[in-house]
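Single-structure report; data block below.
Atoms within a ligand are numbered from 1 in the order they appear, just like the ligands themselves.
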Amino acid sequence: MDADARYADVIEKYNRYINPGFARLVSFAGFGVEVRGEGCYIYDHAGRKFLDCLGGYGTFALGHRHPDVIAAVKDQLDRLALSGKAFFNEEAANLAEMLAEIAPGDLQYSFFCNSGAEACEAALKFAKGATGRPGIVSTIGSYHGKTLGVLSVTGREKYRKKFEPLLPGVSFVPYGDAEAAEKAINDQTAAFIVEPIQGEGGIHIPPDGYLRRVRAACDKHGALLIMDEVQTCLGRTGKMFACEHEGVNPDLMTLAKQVGGGVMPLGVLMGTPAVWEKVYGDNPLIHTSTFGGNSLACCAGLAGIKVLKREGLVERSAKMGEYMKRKFEGVQAKYSDMLAYVRGRGLMIGIEFAEDEVGELVVAQLMKRGVSVAYALNNPRVLRFEPPLIITEAEIDFCTTALEEALAETKALLSDLVEV
Ligand SMILES: Cc1ncc(COP(=O)(O)O)c(C=O)c1O
């Protein structure tokens with residue numbers, strides 16, 4: 001089958017068997033069929049090469065198919081792939097030990113699952129189980145996943161409305177507003193769930209002191225603090241975990257995306273001994289998962305963290321992130337009529353357009369120039385850049401030039417439309 005026929009065949013199957021609307025959306029943005037990933041690049045069906053600045057929403061911290069992670073998984077595959085479940089699993093034990101070593105505060109225990117949503121589901125359940133309370137406070141614009149439980153605490157009505165009533169006892173407060181959180185957290189609150197930087201909400205960094213104040217409010221009322229680090233964990237923001245920017249230690253912390261080394265799907269809920277004792281103390285099987293903690297995912301996770309540490313990628317993320325942000329600020333200065341903000345920490349950077357609808361056009365223009373990005377799920381005005389932490393200055397320069405050209409062409413297209 002030639003490249004065009006292959007592309008048409010895949011789109012046709014998406015239309016018929018997966019999701020026709022999604023097929024339209026993805027083809028409009030100019031995405032082809034991905035066939036290979038290597039380092040910072042994805043190659044499509046037509047042999048085109050894309051600098052992966054979306055990075056699977058932050059999954060590819062080490063780039064695509066890091067050789068150490070691939071070698072660990074291949075070796076594991078030759079011995080044992082999925083867990084028999086009744087036996088002890090050495091890879092899970094080793095990864096849990098490593099996570100406890102690098103995690104902040106008293107986070108010592110890990111529950112392994114397969115995705116970010118599952119990790120957040122577990123966090124809500126553990127908070128309710130540990131406190132015996134019904135209430136969860138979340139933030140407007142937050143994203144914790146789309147399964148029914150976590151959809152209840154995901155702060156965008158567009159995704160929730162159709163499926164209501166959802167979990168009872170949930171309230172939302174504006175993100176970054178410590179006073180509103182302090183008012184909402186009370187003696188009926190099981191937990192406050194928060195992203196240390198809102199990702200899908202549009203890369204929002206809270207004001208200094210925000211996380212410390214919500215920690216104090218939780219302590220005052222005996223509520224738990226759930227830090228959703230699904231997108232921000234393992235160096236993405238220039239620290240191993242983003243809550244370290246404020247030195248705040250949560251009771252529960254969720255991880256996913258890059259935790260599988262960019263090779264295997266893996267989600268983790270970490271918790272303190274106090275929470276674990278209350279949840280698992282009288283029933284060690286109260287929360288389980290068949291595939292969670294499988295040997296392949298866990299050995300990928302362990303190999304990935306070793307690479308991250310050995311290659312100093314957390315520090316690199318901070319340094320390259322500063323460089324990228326500076327470059328983008330230069331572009332913003334030239335296109336201030338189109339670009340309202342550039343913000344971010346480490347290699348989690350968002351650019352916000354002054355108007356709706358521009359983002360989609362710029363994504364298509366960037367794709368044309370070999371850079372893959374996407375807008376934030378809860379805020380289409382914001383394009384987010386979450387490239388591999390191994391990205392070089394030359395690659396950032398390439399991306400900056402592409403962005404500048406993409407903005408120029410979009411501006412010309414829009415002014416043509418206005419004239420028509
Ligand atoms: C902060 C955060 N929590 C949870 C999730 C849900 O993760 P998943 O898509 O793996 O279910 C996401 C996904 O983008 C996320 O960014």
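- Between F31 and F50, the ring center distance fails the sub-6.0 Å criterion.
- Contact record, S27 with Y7: CB-OH, 3.5 Å, taken as the closest heavy-atom pair.
- L252 contributes atom CG, which lies 8.5 Å from atom CG of L225 (distance to the nearest 0.5 angstrom).
- Taking the six-membered ring for Trp and thresholds of 30 and 60 degrees, Y41 and Y43 have ring planes inclined between 30 and 60 degrees apart.
- Taking the six-membered ring where the residue is Trp, Y109 and W276 present parallel rings, their angle staying beneath 30° rather than reaching 60°.
- Of the inter-residue distances, the one linking N114 atom CG with M264 atom CE reads 9.0 Å to the nearest 0.5 angstrom.
- The 4.0 Å heavy-atom shell around ligand 1 contains residues S115, G116, A117, Y143, H144, G145, E195, E200, D228, V230, Q231, K257, ordered by chain and number.
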